[in-house]
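First comes the structure, then the notes that go with it.
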Amino acid sequence: MSIPQFDEIVETNDQTEARREHLESLRALVGNVYPNKFVRSAISGADDTISGLLRYEPVVAIADEMASVKAGLKDGERPPAEIKDALNEKLKALGTVRIAGRLTTPPRGNFVHLTDGIAKLQIYCKKNTFALIKNDGEDTRDEENAWAAWGLIDHGDFVGVEGYLFVTNTGEVSVHVEKLQFLAKAMLPMPDKMHGISDPEIRQRRRYADLIASSLQVEHDGLTTREVFETRAKVISSLRRFLEDHGYIEVETPMLTPKATGAAAKPFKTHHNALDIDLYARIAPELYLKRLVVGGFEKVYELNRNFRNEGISFKHNPEFTMLEFYCAYMDVNGMMDFCEEMMRESIQRAAGSLKVSYEGNEIDFSKFERIRMRDAIRRYAPEAEINDTNIVELFEERAESNLIQPTFIVDYPKSISPLSKASPQNPQVAERFELFINGMEVANGFSELNDPKEQYERFVDQMSERERGDEEAMVLDEDYVRALSYGMPPAAGIGIGIDRLVMLLTNKHSIRDVILFPHLRPERKANVAESDDESTE
RNA sequence: GGUCCGAUAGCUCAGUCGGUAGAGCAAAUGGCUUUUAACCAUUGGGUCCCAGGUUCGAGUCCUGGUCGGAUCACCA
């Protein structure tokens, strides 16, 4: 196997050549072009923990003041000099600031923007008014070569600067650079600042570049990629907080399991060499979590990946994030109430509103409808004749896609719910619900079957389904039957598809837009140089 | 897997009836130096996805292929 050359991995063209030349010239001026650190401080004397100068309160106050002055101006009109001077006095009083970041505008003229991970801030370098700091371990000042070094910095490079704050003639808060330090090189050109990366494959494969693009982009529809993943993080942390606040404990159960159970799905198979056994990537943590309920954890949750070896689509990724939790002594109705409350609170926190716009629909999370599967079919297909064998099919074909607003579908057939308790009123119906939003299944929950004998029989039924060719029928988990035999309190559980929830909150049509590194085909070489291993068919 | 659409400069895209390969951004060089996506001037940059075919002539038409997207079917 041949090891690819650096230049085969990192493309070369006239632009990257220029960047490499700049890098070598800079090396001659500053020494180490990849120094180890730069101590930032929003304000002199502050520590490295403060970044995002534009969120520092005294600066925010001045920026706001400037903004209100500018609001009263006509297009192109500049703020009065005396207001500007007064603000500059205040800014200068804040003292020296040290900030670092990536250059998010091409270094043309004296003004460039730095982005430090929180905000974008303009910096101003004027010839003969700043020094270059060499990376020689001594922080040597170099007045002579500062301007030359400035000219060698490329769009996308990282620099650290020290200077004082001021507002420009057009009223933008900026840093007047007094010391400039080179911190790291971007050897590849930055993505298009107007359009970002349009090829969805490159956007997903090179998520880092997509994220950079979202910080460069001047105009964009909806959320930037960065904002999508910030929203995702917020949803997840709010869900966690809600569960913690309600006494739930977070646990981690095996991802590699000897049996793929807990859901109807095809698993990924792998092999453990030392034990010489096959293992399956889990398709659901369900049975492990209920073992913990048996063991006395009355409220448990797990928020992590499930793996299913099935098709890929706009709403399916081979690995996806599921929040599953169980609560002892609760039934399906209590779980729907709890789910509703939890989703409302987390969505309010993450999206700032209970009404979100998704693909032209306004989805209102303030109210969740509950409707029996049978009635949902009647609503959208009144002519259909419903019986026990066609009900699920009818529901999926005729009703599901109409369920735009949050809707709990209840009264599932027992036959497709092997882990769920039957309804006391109707033994053919499971005490189970699924939550649909915008035609997508987002959650699935039920009153947990805790009679070990009945569970055993349900598994046996599943096994015979399997015999008949249903690859997704559940397999018997003997140890789980044994666990239930120690006694499990009545309990309700739920699984919530986090990726789909995030899609709804970020107005993304594809699950791959809410997963940082979604599953993609292996990257193909642009020039397949006489491939030596692809001739096997 | 079926159907539809697409692939042209580093990026985003135009390219008419088949007749010399284009723009904006990015880059290089020089100028400018308080600018708000795009300051001014100049310059460089192309395997028009690949292979075949039709034609005096193919980015353009035809056939096959590769890769990608949308969609349908299975799945959360």
Side-chain angles (χ1 to χ4, degrees), chain A residues 11-19 21-22 70 75-76 78-79 81 84 88 104-113 120 122-129 147 150-151 154-156 166-172 174 176 188-205 209 213 216-220 262-267 283-284 306-322 324 396-397 400 434-436 440-444 470-472 495-501 503 509-512 520-521 523-528 531 534:
Chain A
E11 65 201 63
T12 51
N13 54 45
D14 60 329
Q15 300 190 34
T16 60
E17 281 307 320
R19 283 169 182 267
E21 283 167 21
H22 293 165
K70 279 165 80 176
D75 257 6
R78 296 190 163 181
K84 197 191 79 170
N88 273 336
T104 52
T105 47
R108 198 170 26 201
N110 305 66
F111 284 99
V112 298
H113 282 92
K120 218 188 259 189
Q122 181 166 263
I123 64 170
Y124 175 60
C125 282
K126 189 178 161 73
K127 196 173 180 177
N128 298 328
T129 66
W147 190 246
W150 178 248
D154 290 313
H155 186 197
F166 75 112
V167 288
T168 63
N169 286 342
T170 52
E172 179 163 344
S174 307
H176 196 295
L188 290 169
M190 293 295 103
D192 187 288
K193 65 170 171 278
M194 288 309 287
H195 308 90
I197 298 172
S198 68
D199 182 334
E201 191 193 345
I202 295 178
R203 215 169 55 215
Q204 289 153 10
R205 204 183 284 289
L216 302 179
Q217 241 176 310
V218 183
E219 289 167 0
H220 49 84
K266 289 175 221 156
I283 56 175
N306 288 346
F307 306 87
R308 300 192 184 172
N309 203 344
E310 290 162 355
I312 296 175
S313 80
F314 73 94
K315 52 177 172 174
H316 297 90
N317 194 61
E319 53 181 298
F320 63 100
T321 299
M322 177 92 105
E324 249 186 54
E396 287 173 355
E397 281 179 9
E400 209 175 285
E434 287 193 358
L435 172 62
F436 288 86
M440 255 189 326
E441 183 192 334
V442 172
N444 176 14
D470 182 356
E471 280 183 78
E472 295 181 354
I496 298 175
I498 298 299
D499 310 282
R500 290 180 177 182
L501 182 60
M503 284 167 70
H509 176 68
S510 170
I511 196 168
R512 293 198 291 211
L520 298 166
R521 284 191 184 78
E523 190 167 8
R524 294 179 67 90
K525 291 263 164 59
N527 293 318
V528 186
S531 68
E534 287 182 318

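Numbered from 1 within each chain, the chains take letters A, B, ... in sequence-line order. Computed from heavy atoms alone, side chains included, the values below leave out hydrogens, waters and symmetry copies.
Across all strands shown, B:G10 is found opposite B:C25 as a Watson-Crick or G-U wobble partner, with both distances under 3.5 Å. Of all nucleotides present, only B:C40 satisfies the Watson-Crick or G-U wobble test against B:G30, with each distance under 3.5 Å. Nucleotide B:G68 forms a Watson-Crick or G-U wobble pair with B:C5, both donor-acceptor distances falling under 3.5 Å. B:C74: no Watson-Crick or G-U partner with both key distances under 3.5 Å is found in any strand. Shown here, B:G52 forms a base pair with B:C62; the pair counts as Watson-Crick or G-U wobble because both key distances fall under 3.5 Å.
The nearest whole Å value for the distance from the NE2 atom in A:H155 to the P atom in B:G10 is 18 Å. Nucleotide B:C32 holds its P atom 17 Å from the CZ atom of A:F111, rounded to whole Å. Following rounding to the nearest Å, A:E17 (CD) and B:U43 (P) show an atom-to-atom distance of 23 Å. Atom NE2 of A:H113 is separated from atom C1' of B:A38 by 15 Å (rounded to the nearest Å). Distance A:D192 CG to B:U12 P: 7 Å, rounded to the nearest Å. Rounding to whole angstrom units, CG of residue A:D199 and P of B:C11 are separated by 10 Å. Distance A:M190 CE to B:A26 P: 14 Å, rounded to the nearest Å. Across the protein-nucleic acid pair, A:R19 atom CZ and B:C11 atom C1' stand 12 Å apart, rounded to whole Å.
In the set B:G24, B:G69, B:C13, B:G69 carries the atom at the smallest distance from any side-chain atom of A:R512. Set against B:A26, B:G69, B:C11, the side chain of A:Q15 has B:A26 as its closest nucleotide. Here B:U34 is the nucleotide among B:A26, B:U34, B:G69 with the atom lying nearest to any side-chain atom of A:K126. If you check B:U34, B:C13, B:G68 against the side chain of A:E201, the one that comes closest is B:G68. Nearest nucleotide to the A:Y124 side chain, out of B:G68, B:U12, B:U34: B:U34. Checked against B:G69, B:U12, B:A26, the side chain of A:S198 finds its nearest nucleotide in B:U12. With B:U34, B:G69, B:A28 as the choices, the nucleotide that has an atom nearest any side-chain atom of A:A18 turns out to be B:A28.
No engagement by A:D470 is indicated, since no non-hydrogen atom pair under 4.0 Å with the nucleic acid exists. Note on A:A264: only backbone sugar-phosphate atoms sit closer than 4.0 angstrom, heavy atoms only; bases stay farther off. As judged by a 4.0 angstrom heavy-atom cut-off over every strand, A:W150 is placed among residues making no nucleic acid contact. Counting non-hydrogen atoms under 4.0 angstrom, A:K127 reaches nothing in the nucleic acid. Note on A:N13: only backbone sugar-phosphate atoms sit closer than 4.0 angstrom, heavy atoms only; bases stay farther off.
Counting only N and O atoms by type, the side chains of A:Q15 and A:H155 include no donor and acceptor under 3.5 Å apart.
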Practice task
Run the numbers on A:D192 and A:I197 for side-chain contact (heavy atoms from CB on, under 4.5 Å), then give the verdict.
Solution key: CA-CA 7 Å; A:D192 187 288; A:I197 298 172; over 6 Å; no
Practice task
Test side-chain contact (heavy atoms from CB on, under 4.5 Å) on A:M503 and A:I511 and set out the steps.
Solution key: CA-CA 7 Å; A:M503 284 167 70; A:I511 196 168; 3.9 Å; yes
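Judged by atom type and distance alone, A:D14 reaches the base of B:G44 through a side-chain donor-acceptor pair under 3.5 Å.
When the nearest nucleotides of RNA chain B are assigned to A:I197 and A:H316 by heavy-atom distance, the more 5′-ward of the two goes with A:I197. Comparing A:E472 and A:D154 by the nucleotide of RNA chain B whose heavy atom lies nearest to each, the residue mapping closer to the 5' end is A:D154.
Atom C1' of B:A70 sits at a distance of 23 Å from the matching atom of B:C11, rounded to the whole Å. Comparing B:G6 with B:A38, their P atoms sit 34 Å apart, to the nearest whole Å. Across the P atoms, B:U60 and B:A9 are found 15 Å apart, a figure rounded to whole Å. Nucleotides B:U20 and B:G57 are separated by 12 Å at their C1' atoms, to the nearest Å. B:G59 and B:U8: their P atoms are spaced 15 Å apart (whole Å). Taking the P atom of each, B:A21 and B:A58 are spaced 11 Å apart, rounded to whole Å. As rounded to the nearest Å, B:C48 and B:A7 have P atoms that lie 14 Å from one another. Across the P atoms, B:G15 and B:C61 are found 12 Å apart, a figure rounded to whole Å.
For the pair A:H176 and A:T129, the minimum side-chain heavy-atom distance is below 4.5 Å. A:L435 is not listed as a side-chain neighbour of A:E441, based on a closest heavy-atom distance of 4.5 Å or more. Residues A:E11 and A:L188 are in side-chain contact: their nearest non-hydrogen atoms beyond the backbone lie under 4.5 Å apart.
Here A:H509 does not reach the OP1 or OP2 of B:G69: none of its side-chain N or O atoms lies under 4.0 Å away. Phosphate proximity of B:G69 to A:R203: absent, as no side-chain N or O sits under 4.0 Å from OP1 or OP2. Taking side-chain N and O atoms only, A:S313 has no distance below 4.0 Å to OP1 or OP2 of B:C74. Listed pair A:H22 / B:A28 meets the phosphate criterion, a side-chain N or O lying under 4.0 Å from OP1 or OP2.
Ring geometry, A:F166 versus A:Y124: the interplanar angle falls from 30° to 60°, so the pair is classed tilted.
Between the A:D154 side chain and the A:H22 main chain, no donor and acceptor come within less than 3.5 Å of each other.
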